Structures are given as C-alpha cells and as structure tokens.
Q: 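Quick one: structure below, then a few questions.
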There are 2 protein chains.
Amino acid sequence: MNEHRVVRLKDIAQELGLSESTVSRALSGTGRVSEATRLLVQQAVKKRDYTPNDIARSLRRRDGRSIGIIVTDITNIFFASVLKGAQMVAHEQGYSTLLSNSDEDPALETASLRLMLQKQVSGLILATVGGSPNQLAQCRRQGVPIVFIDNLPNLGYPYDSVSVDNHKSAYLLTCKLLKRGMRRIGVITGPLGQSSGLHRWEGYERAMQEAGCPIYRPWVKQGDFRVESGYAAMSSMLAQQETPQAVLIANNYMAFGAIRAIRERGWQVPRDIAIVSFDTEDISGLMHPSITTMNQPAVEIGRQAAEILIDRLTDNAPEDAVARVLDPIFVEGTSW
Amino acid sequence: MNEHRVVRLKDIAQELGLSESTVSRALSGTGRVSEATRLLVQQAVKKRDYTPNDIARSLRRRDGRSIGIIVTDITNIFFASVLKGAQMVAHEQGYSTLLSNSDEDPALETASLRLMLQKQVSGLILATVGGSPNQLAQCRRQGVPIVFIDNLPNLGYPYDSVSVDNHKSAYLLTCKLLKRGMRRIGVITGPLGQSSGLHRWEGYERAMQEAGCPIYRPWVKQGDFRVESGYAAMSSMLAQQETPQAVLIANNYMAFGAIRAIRERGWQVPRDIAIVSFDTEDISGLMHPSITTMNQPAVEIGRQAAEILIDRLTDNAPEDAVARVLDPIFVEGTSW
DNA sequence: TGGGCTTGCGCAATCGATTCCGCTATGATA
DNA sequence: TATCATAGCGGAATCGATTGCGCAAGCCCA
C-alpha cells in the first residue's frame with residue numbers, strides 16, 4: 001500500500017529505479033534519454049495515473065504558464081466571445097486562462113490585477129476601465145506583457161493592442177445613412193472617456209461635417225452601453241419637438257433600449273425612425289427587426305490578442321508594440 | 001542596485017534584518033510576531049511593492065487556491081451569468097478562477113479537466129457533456145471536490161450539484177398553456193441525453209398526460225439548444241398538415257430560430273402560434289415579441305455552486321452531498 | 001590500445017514561500 | 001533568588017518539479 005495520496009514524479013522514479021531527473025527528461029522530451037527508458041516511464045505514468053504538478057513546475061520555471069483575462073462584463077456577449085477566442089488559442093498552446101470580471105469597477109480591476117500578478121500569470125489580456133497605474137507599472141517592471149483590447153488607455157508608452165477601427169466604423173456607417181438620403185441623424189454615444197465610445201462619436205462627427213450636415217445637439221445623447229441608458233436617451237430624444245430620421249447608436253444593448261422606447265411611443269422601426277448600431281456578430285439575427293450594424297469580430301479579437309501575447313512569451317517576440325486594428329463587418333438588417 | 005527583478009520575501013527579510021519566517025508570519029497573521037516588527041514589515045512591503053508569489057505559496061500549502069470552471073459554451077448567456085456569479089464569490093474568498101470552454105466536445109472537456117488537475121485547482125464547477133470518467137475518478141481520489149451544474153450526470157455515487165427543477169419548470173409552463181385553453185401543444189426538446197433536455201421533456205409529457213391531452217408525435221422535435229436547430233424543428237413542424245396552437249421550446253436560442261421560421265412563413269407570434277420557452281433572466285426583454293419563459297437564475301446558480309465548493313474546501317463541509325434545486329422564475333412575455 | 005566523442009543517467013542545487021521545532025530573553029511566580 | 005512559562009524570532013526542512021554539471025560506459029578511428 002502506498003502512503004501517498006497522489007503520485008509524484010519521485011514515486012515513478014523509485015518504482016523504476018531511475019532518478020527523478022531522468023523521469024523528468026523522459027516526460028518533457030528535453031535532454032537525452034534512451035528510447036527504452038522513455039517507454040518504461042510512459043508505461044509507469046499511464047499505469048499509476050501520474051499527473052504532473054504544474055505548481056511545482058511553474059515555481060521552478062518561474063512562469064505560471066497561464067494568461068489572465070480581465071473584462072468589464074462577461075455577460076456582455078462581446079466579451080464572452082473575446083474570451084472564447086482567447087481561451088481557445090491559450091488552451092492550444094498549453095496555457096490556462098485565469099478569468100476576472102471587473103464589473104466596470106476600477107477597484108475590482110486593481111484587485112484582480114494584483115491577484116493575477118500573485119499567481120504569476122505569464123501575460124494579460126485587459127479590457128481596462130482605466131484605473132490601476134500601479135499594477136500596470138508593476139507588470140512592466142516584472143516583464144509581464146499585456147495586450148489591451150476594447151478600451152485603449154492613454155499610457156505614456158507604446159503597448160500591444162487589438163481593436164477595431166471604431167472611428168472608421170462609425171464614419172462608414174454614418175456615410176451609409178447619408179447616402180440613403182438621410183440628413184437628420186441623431187446619435188447615442190457610449191462613454192466618451194472610453195476610446196471605443198469616443199472614437200465612434202468622432203467618426204460620426206467627421207462624416208456629418210464632411211457631408212456638410214449640421215449636428216443638432218438635442219439629438220446627441222451620451223449613454224453607458226447598457227440597455228437602460230439607450231432607453232433613456234431615446235426617450236428624451238423623442239420628447240423633442242423635432243425627431244431625427246435615423247439614430248446611430250454606439251452599441252447593440254443601447255439599441256435594444258432605444259427600440260423599446262420607440263415602440264412604447266407607438267412608432268415603428270424603421271418606418272418612423274431608422275436605427276443603426278455596433279456590436280458582435282452573434283447577437284444580431286436574434287432581434288426583430290434585425291439591426292443594421294457594424295459588427296466587431298469579437299472571437300477574432302480574442303484570438304489575436306492571445307496570439308500576440310504568446311508571441312511575446314516565446315522567442316518570436318516582435319520588436320515594437322503591435323497595434324492591430326481589425327475591420328468591422330457590415331451587416332445589413334431591416335432596421336433602416 | 002538590486003540584482004533581482006522582483007522583490008522576494010527574502011529581500012524584505014534581509015532589508016529588515018529579520019528571518020524569512022518572521023516576515024512570513026507577520027504577513028500571514030499566523031504565529032507570534034510583535035506589533036512593532038509587524039508594522040516594520042508592512043512598511044517595507046509597501047515601500048518595495050512586494051507581491052507574494054502565490055505559486056510558491058501554493059506549492060508549500062499543497063493547494064492552488066483556485067477553482068476551475070468548465071462550461072460548454074461561454075457565449076451562451078446562461079453560462080456567462082453562471083460564471084459571473086461563481087467568479088464573484090470565488091474572488092471574494094481569495095480564490096482565482098480558471099476558465100475553460102469545452103464547446104460540447106467531450107475530448108476538450110477531458111483535456112481541460114486534466115489541465116486543471118495539473119494546475120492543482122482546489123475544486124471544480126462543471127457543466128459536463130459527460131465523457132471524462134477517468135478524470136472524474138482522479139478528482140475523487142485526489143479529493144478535489146466538484147459541483148455539477150446544468151447537466152447532472154449519472155455517476156454511481158452522490159455528488160454536489162446546483163440546478164433548477166427542470167421537470168417542474170416544464171410541467172408548470174405546460175400547465176399554464178393548458179389553462180389558457182390550449183390543447184394542441186407541440187414541443188421542441190433539447191438533447192435528451194442531457195438532464196436539462198430530458199427533464200424538460202418529461203415535465204411537458206406529464207402535464208399533457210395529466211390533462212388527458214394527446215401528444216401528437218409530428219409536433220415533437222428534438223433540437224440541440226442552438227438557434228439553427230430551433231429553426232429547423234419549427235420549419236418541419238410547420239410543414240405538417242396540421243400545426244400546433246402553441247409550442248414549448250426547451251431554450252431561448254431555439255426559440256429565436258423557431259420564431260424566425262414562423263415569420264418566414266408569414267405568420268405572427270402569438271397570433272398564429274404561441275411560443276413559450278426557458279432561459280436566463282437577462283436575455284428576455286431584448287426580444288420582440290418578448291418571450292414567455294421559465295427563467296433560470298443563472299447568476300445565483302453560479303454563486304451557490306461556488307459557495308458549496310468553498311464550504312467543502314474549508315471546515316464547514318457538510319456531511320452529505322448537496323443537491324440544491326432552485327426554482328425557475330416565471331416571466332410573462334407577449335409571445336403567448 | 002588509447003584518446004576523444006557521444007550517450008545515458010544521477011547528484012544536488014534551485015525556484016519562493018511556509019511551518020515545525022527549538023533557542024533566547026523577559027517577566028512572573030513561588 | 002531560583003524556576004518556569006511564554007512571547008518573539010531564527011534555522012532548516014519541505015512542497016514537487018527542473019536543470020547544470022559531471023561521471024561512466026560505449027563507440028569510433030587512428
């Protein structure tokens with residue numbers, strides 16, 4: 001009867017009359033081990049159901065072989081999709097993923113970052129709400145690479161990121177509205193403190209200016225990317241004397257709220273007011289009317305973020321910071 | 001100039017002329033340390049930005065202080081919400097969360113389980129697709145507790161779980177349809193190999209039988225919880241000579257597909273056919289018509305699963321297996 | 001046959017923290 | 001004043017794996 005509950009490398013070594021180093025090398029494939037002993041080791045491992053202790057391995061290697069992902073809201077399908085893409089790539093490369101949800105709370109983000117640093121993550125994918133300068137500095141010092149997604153903060157140095165061209169995205173979408181002959185176009189923006197919110201607003205602004213189309217301030221509302229703020233913004237827009245022909249809404253959740261407000265007034269989309277929006281591939285198509293959107297390739301964002309991160313962790317680290325900008329995908333719905 | 005890139009416990013100890021043991025005790029609060037040195041240590045820690053190495057700590061404590069969560073599809077808002085609840089509780093208790101997405105693939109589930117065991121997770125929350133008997137056995141041997149959610153497998157022993165009463169849920173929903181005078185009620189089930197799919201079907205069956213209402217086989221279709229299968233199931237139902245008055249659909253994603261099929265035929269919900277369904281709190285309300293559903297309290301499922309797990313990991317472990325069954329929440333929409 | 005090279009493997013240090021054990025100094029008690 | 005308990009702290013083993021170094025045996029070729 002063995003007195004250990006779990007089988008250790010040492011147990012395998014003893015059973016075979018080998019040293020721990022040989023067993024280790026046989027399993028990792030590094031170093032020189034004869035084919036015969038390699039087979040012996042593999043058999044013993046299988047027989048005893050040996051599972052290597054990654055904690056011990058990580059300690060020795062000074063690397064947790066895991067990547068941390070912090071998002072603001074995992075129930076937002078955009079982030080869930082990012083996560084899916086990142087997790088797939090990480091898993092393929094033998095990295096596990098530590099997840100945290102900051103809930104848009106800078107304090108929680110900071111706490112999560114601290115926890116992940118303690119866990120010795122190899123790298124981080126971060127959708128920041130901006131508010132952990134200390135931790136970010138520590139990451140730099142310790143050489144823990146970070147890839148930023150979604151909200152690109154204003155740091156004093158270049159950094160890796162994956163994002164969609166939000167400016168272009170909003171610009172093109174607004175141009176499409178203009179091309180359909182619309183000129184009275186309102187907008188519900190996201191938080192202008194976040195790059196995704198700001199750039200979409202700027203794209204709209206530029207398109208309107210280039211078209212010589214005045215921006216009517218009562219049709220400009222700021223939301224927070226949540227359903228309720230879309231509802232509130234649209235409600236107050238509809239309370240104006242004049243209402244717009246079309247409204248550009250900075251994400252789909254707010255579009256849902258806005259559409260509800262329109263319905264409650266007894267109006268229809270797009271008969272009385274057209275709606276265009278931004279978001280993730282999956283969520284459209286569930287709605288009726290289906291919303292005309294600039295979709296963000298969320299899974300691809302996650303995938304590429306993980307790839308960049310893993311490149312940084314292995315030898316093929318590029319010299320400079322990588323700022324990958326993906327193109328949005330235009331999906332025509334029936335909401336315009 | 002210090003030659004170490006990161007500050008270690010030893011560095012703090014040397015700086016203060018203390019032993020590592022004392023510093024460790026000062027930080028952990030265990031053992032006897034004078035108030036004076038405790039303060040000294042805390043200051044030094046703050047000054048040097050010391051971050052304890054959880055890997056080393058975990059190795060010594062033989063516990064990774066993390067919980068693994070494996071779900072079948074993280075972009076499904078039900079699982080995303082479960083994750084959110086579980087992650088919150090875990091984080092509060094100082095546990096980090098390792099996430100994996102099995103994509104309904106038993107092989108991936110097995111690989112994920114193996115990886116998590118290697119990482120020495122303290123416990124697991126598992127929405128299994130059923131297919132890792134070896135790993136489950138190993139968890140038992142190693143004393144890694146598991147809380148099952150969503151799909152409750154048929155193991156030969158009692159285990160902890162958190163679920164909703166799917167049978168009751170479907171039974172009540174069907175009864176409500178019957179009470180509204182409907183008798184020609186069809187059903188689109190989930191996979192009958194999964195408990196959630198099976199029990200919802202059984203609840204429907206029982207309600208129909210008790211009401212003396214015949215089940216018309218062409219109105220019984222099996223789907224796989226995805227949009228497309230709902231579309232296909234409803235399409236083939238609508239191709240029958242006779243169509244049902246109402247259809248009970250085993251989850252919301254399939255309901256989306258079904259509604260699209262109905263619309264494409266030029267019919268309306270609920271004028272021509274009523275729809276009721278099951279799912280998560282958040283997703284309803286986005287749809288039009290809003291679907292009448294039995295909602296699963298997903299965040300609560302995650303939260304309770306994590307609580308049970310952490311109870312098992314601490315002293316207040318209950319003697320017997322905990323099978324917590326939550327009640328669904330009825331939400332009336334306009335789809336019936 | 002002997003020098004050099006390769007192969008296969010073991011020894012022991014090491015990663016960074018925790019923790020058992022025991023030592024010293026201090027204060028209390030008889 | 002002698003004894004003893006205890007608070008505060010240090011020494012060293014330990015967790016389970018990895019890895020640099022070195023040794024011995026076997027091989028090749030001169």
Side-chain angles (χ1 to χ4, degrees), chain A residues 2-41 44-45 48-65 94 115 117-122 142-143, chain B residues 2-41 44-45 48-65 94 115 117-122 142-143:
Chain A
N2 209 308
E3 60 180 345
H4 298 301
R5 309 231 8 223
V6 310
V7 182
R8 318 187 307 282
L9 188 63
K10 182 192 273 186
D11 301 320
I12 301 287
Q14 280 178 355
E15 176 169 331
L16 295 175
L18 290 171
S19 73
E20 298 180 45
S21 15
T22 304
V23 177
S24 171
R25 280 186 291 244
L27 289 176
S28 65
T30 67
R32 296 172 305 212
V33 180
S34 76
E35 197 55 31
T37 56
R38 188 189 306 282
L39 282 177
L40 273 177
V41 169
V45 162
R48 304 283 304 271
D49 250 346
Y50 166 67
T51 307
N53 184 324
D54 261 353
I55 294 289
R57 179 179 294 179
S58 294
L59 176 60
R60 179 61 227 246
R61 292 206 183 128
R62 306 162 126 259
D63 174 14
R65 285 288 160 106
L115 190 57
L117 279 173
Q118 290 192 185
K119 293 277 180 196
Q120 313 293 111
V121 292
S122 313
Q142 302 195 5
Chain B
N2 207 309
E3 58 181 348
H4 299 301
R5 310 239 358 231
V6 310
V7 183
R8 320 190 303 289
L9 188 64
K10 181 190 274 185
D11 301 319
I12 302 287
Q14 280 177 355
E15 176 169 333
L16 296 175
L18 290 170
S19 74
E20 299 179 45
S21 9
T22 304
V23 177
S24 172
R25 279 186 296 244
L27 289 177
S28 67
T30 67
R32 296 173 300 211
V33 180
S34 76
E35 198 54 32
T37 55
R38 187 189 307 282
L39 283 176
L40 273 178
V41 169
V45 162
R48 303 283 303 272
D49 250 348
Y50 167 66
T51 307
N53 185 325
D54 261 353
I55 294 289
R57 180 179 294 180
S58 295
L59 176 59
R60 180 60 228 247
R61 291 204 183 132
R62 305 160 129 261
D63 174 14
R65 285 288 160 107
L115 191 54
L117 279 172
Q118 291 193 185
K119 293 278 181 197
Q120 312 294 111
V121 292
S122 314
Q142 303 196 3

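Being a predicted model, the structure only gives us computed values, none of them experimental. A note on names: the letters A, B, ... follow the listed sequences, proteins ahead of strands, and every chain is numbered from 1.
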Q: Restricting to side chain to side chain donor-acceptor pair (under 3.5 Å), what partner residues turn up for A/Ser24, sequence neighbours left out?
A: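 Scan of A/Ser24 (side chain to side chain donor-acceptor pair (under 3.5 Å), adjacent residues dropped) gives none.
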Q: Who passes side chain to side chain contact (heavy atoms under 4.5 Å, CB included) against A/Asp63, sequence neighbours left out?
A: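 Listed in chain order: A/Arg65, A/Ser122.
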Q: Sequence neighbours left out, what passes salt bridge (charged side-chain N to carboxylate O under 4.0 Å, His left out) with B/Arg57? Give chain and number order.
A: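 For B/Arg57 the salt bridge (charged side-chain N to carboxylate O under 4.0 Å, His left out) partners, ignoring immediate neighbours, are B/Asp54.
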Q: Report the residues that fulfil side chain to side chain donor-acceptor pair (under 3.5 Å) with A/Glu15, sequence neighbours left out, ordered by chain and then residue number.
A: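 Checked A/Glu15 against side chain to side chain donor-acceptor pair (under 3.5 Å); matches are A/Lys47, A/Arg48.
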Q: Sequence neighbours left out, what passes side chain to side chain donor-acceptor pair (under 3.5 Å) with B/Thr30? Give chain and number order.
A: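 Once residues adjacent in sequence are excluded, the partners of B/Thr30 under the side chain to side chain donor-acceptor pair (under 3.5 Å) criterion are B/Ser28.
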Q: Within residues 34-41 of chain B, find the residues that approach DNA chain D with a heavy atom at under 4.0 Å, and present them sorted by residue number.
A: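 B/Ser34, B/Thr37, in order of number.
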Q: Hey, could you give me the CZ/OG1 distance between B/Arg8 and B/Thr51, rounded to the nearest 0.5 Å?
A: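 Here the rounded value is 13.5 Å.
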Q: So, using salt bridge (charged side-chain N to carboxylate O under 4.0 Å, His left out) as the criterion, who are the partners of B/Arg61 when residues are at least two apart?
A: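 Applying salt bridge (charged side-chain N to carboxylate O under 4.0 Å, His left out) to B/Arg61 gives none.
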Q: Which atom pairs link the protein and nucleotides 25-28 of chain C when you take only N or O atoms and keep those under 3.5 Å?
A:
none

Q: For B/Tyr50 versus B/Ile12, what's the shortest heavy-atom pair and its separation?
A: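 Smallest interatomic distance, heavy atoms only, reads CB-CD1, 4.0 Å.
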Q: What's the angle between the local helix axes at either end of the helix from C/dT1-D/dA30 to C/dA30-D/dT1, using five pairs per end and rounding to 10 degrees?
A: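 Both end axes considered, the difference amounts to 50°.
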Q: If you compare all heavy atoms of B/Leu9 against all heavy atoms of B/Glu20, which two are closest, and at what distance to 0.1 Å?
A: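 Minimum heavy-atom contact is CD2-O, 3.8 Å.
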Q: Nucleotide by nucleotide, 5' to 3', does protein get under 4.0 Å of the base (B), only the sugar-phosphate (S), or neither (-) in nucleotides 14-23 of chain D, counting heavy atoms?
A: BBBBBBB---
Q: Quick one: salt bridge (charged side-chain N to carboxylate O under 4.0 Å, His left out) pairs with a partner in residues 31-40 of chain A, sequence neighbours left out?
A: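 Of all non-adjacent pairs touching residues 31-40 of chain A, those that pass salt bridge (charged side-chain N to carboxylate O under 4.0 Å, His left out) are A/Glu35-A/Arg38.
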Q: Taking side chain to side chain donor-acceptor pair (under 3.5 Å) as the definition, give me every residue that meets it alongside A/Ser19, ordered by chain and number, with sequence neighbours left out.
A: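 Applying side chain to side chain donor-acceptor pair (under 3.5 Å) to A/Ser19 gives A/Ser21, A/Thr22.
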